[in-house]
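As the structure is a computational prediction, the values presented were derived from the model and not from experiment. Numbers here are sequence positions counted from 1.
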Amino acid sequence: MSNSSFLRLSTFLLTGIPGLESGNLWLAIPFCCMYVISILGNSAILFVIEAERSLHESMYLFLRMLAIAELGVSLSTLPTVLSVLLFDSWEIRFVACFTQMFFIHCFSILDSGVLWAMAFECFMAIYNPLQYSSILTNPRIDVIGLGLTVRTISVLLPLPILLKKLSFCRSHMLAHSCLHPNLLQLPCADIKVNSMYGLFVILATFGLDLLSIILSYVMIIKTVLSISKEEYLKALNTCISHICAVLIHYIPMIGLSMVYRFGKPASPLIHVLMANIYLLAHPVLNPIIHSIKTKQICKGIHKLLTPRRR
């Protein structure tokens, strides 16, 4: 590929999945299926919550925010993944790559923040059910969503600015969609500032959110241990879909971070697989989990798919 195309200094090259370039068209089939599930599933959740006035409660409003974040992650990665697999379009300009990186991380961090808000909502529903609806009112939920958005944008905005100041004189090959750890492997300049700021972003967002989620569940467990067994099981059942969402979000993210920090000798295929799991697992699985575990969402989607009788 590098012999047949002229690589301009203003572009990166996307390599797809190393060793499987000849099968890109076949690989496009499962990737397209996953994107269809993610986009249609999260869009269905958004539509059902917006259409059903009875679902305009705190739990479903947070779920709507989560669906928006999942859609953002999918739509941010969709253009480059399908352009490589379907159209053999390998080049991506620096500006487009930095923009994609910003939106991927932006929606991922927003996803993390919403998961923290949902953990707090679960705690309030169990700890103080009588005043729960009066505390988490719709205007306050809107303020929480706005605060998470402002936090995400303000923390991430310096990342592409710092990257633009670097000289990319090494290989311009990217293994997958533009991610900050991947881009930091390419400059020939000193990346200490960029690396330190990237670590700060992780700790200030994912780190604090995960710590808050853990503390919320410690308080939830402490609360449910003081109630009856029937109420205990009912309380845990309301949180199980959220626990699954947290696991499928943070486990791939931690795995990808470990691969980039300690797995440099590993095959590039491992990096690509971990990145794709991180970018596709939670957008695909979250609508499935919440549709199965949340009866109102399941009924709304069933009503949406069932043709109306005349």
Side-chain angles (χ1 to χ4, degrees), residues 41-75 103 105-156 204-220 223-224 234-246 248-250 282-283 286-287 289-291 293-301 304:
N42 287 294
S43 298
I45 289 175
L46 283 176
F47 183 83
V48 168
I49 294 174
E50 189 65 31
E52 296 289 336
R53 299 292 299 177
S54 61
L55 299 182
H56 289 192
E57 300 175 359
S58 58
M59 179 177 125
Y60 302 105
L61 295 179
F62 283 130
L63 183 56
R64 182 175 65 179
M65 292 183 198
L66 188 67
I68 292 172
E70 305 293 8
L71 270 176
V73 172
S74 295
L75 295 176
F103 281 108
H105 291 300
C106 184
F107 286 111
S108 295
I109 291 173
L110 184 61
D111 197 340
S112 175
V114 174
L115 288 173
W116 162 78
M118 293 175 78
F120 175 72
E121 186 267 341
C122 284
F123 167 67
M124 290 302 301
I126 295 170
Y127 178 74
N128 197 351
L130 297 179
Q131 297 182 1
Y132 161 73
S133 57
S134 62
I135 295 173
L136 286 175
T137 60
N138 290 1
R140 286 177 180 171
I141 293 171
D142 292 337
V143 170
I144 291 173
L146 180 61
L148 292 174
T149 304
V150 171
R151 179 197 72 162
T152 300
I153 295 174
S154 59
V155 168
L156 275 179
T205 55
F206 292 110
L208 285 178
D209 292 340
L210 183 57
L211 180 62
S212 300
I213 290 170
I214 292 172
L215 290 176
S216 296
Y217 274 99
V218 169
M219 297 301 295
I220 287 172
T223 303
V224 298
K234 183 180 178 182
L236 288 183
N237 188 54
T238 61
C239 298
I240 193 165
S241 59
H242 178 261
I243 294 172
C244 293
V246 169
I248 64 174
H249 180 81
Y250 282 100
H282 50 102
N286 267 344
I289 292 170
H290 289 290
S291 298
K293 288 300 298 177
T294 310
K295 293 181 180 180
Q296 290 84 347
I297 297 294
C298 188
K299 289 179 181 178
I301 293 176
L304 181 65

Is there side-chain contact between Glu50 and Arg64, with heavy atoms separated by less than 4.5 Å? yes
Residue of the set His242, Met59, Met65 for which side chain to side chain contact (heavy atoms under 4.5 Å, CB included) holds with Met118: His242
Can you check whether Ser134's main-chain N or O pairs, donor with acceptor, with Thr137's side chain at less than 3.5 Å? no
Can you tell me how far OG1 of Thr205 sits from CG of Asp111, rounded to the nearest 0.5 angstrom? 11.5 Å
Verify, without hydrogens or angle tests, whether His282 (side chain) and Ala245 (backbone) share a donor-acceptor contact under 3.5 angstrom. no
Asn42 (side chain) donor-acceptor with Pro283 (main chain) under 3.5 angstrom: yes
Working to the nearest 0.5 angstrom, can you tell me the gap between Asn286 CG and Leu71 CG? 11.0 Å
Over 60° means perpendicular and under 30° means parallel, so classify the ring planes of Phe206 and Tyr250, tilted if in between. perpendicular
Using the ring of each side chain (for Trp, its six-membered ring), is Tyr127 parallel, tilted or perpendicular to Phe123, with breaks at 30° and 60°? parallel
Would you check if Val224 and Ile126 make a side-chain contact, meaning some heavy-atom pair closer than 4.5 Å? yes
Could you tell me whether the side chain of Leu75 reaches within less than 4.5 Å of the side chain of Phe103, counting heavy atoms only? no
All pairs passing salt bridge (Lys or Arg N to Asp or Glu O under 4.0 Å) where residues 117-142 contributes a residue, at least two apart: none
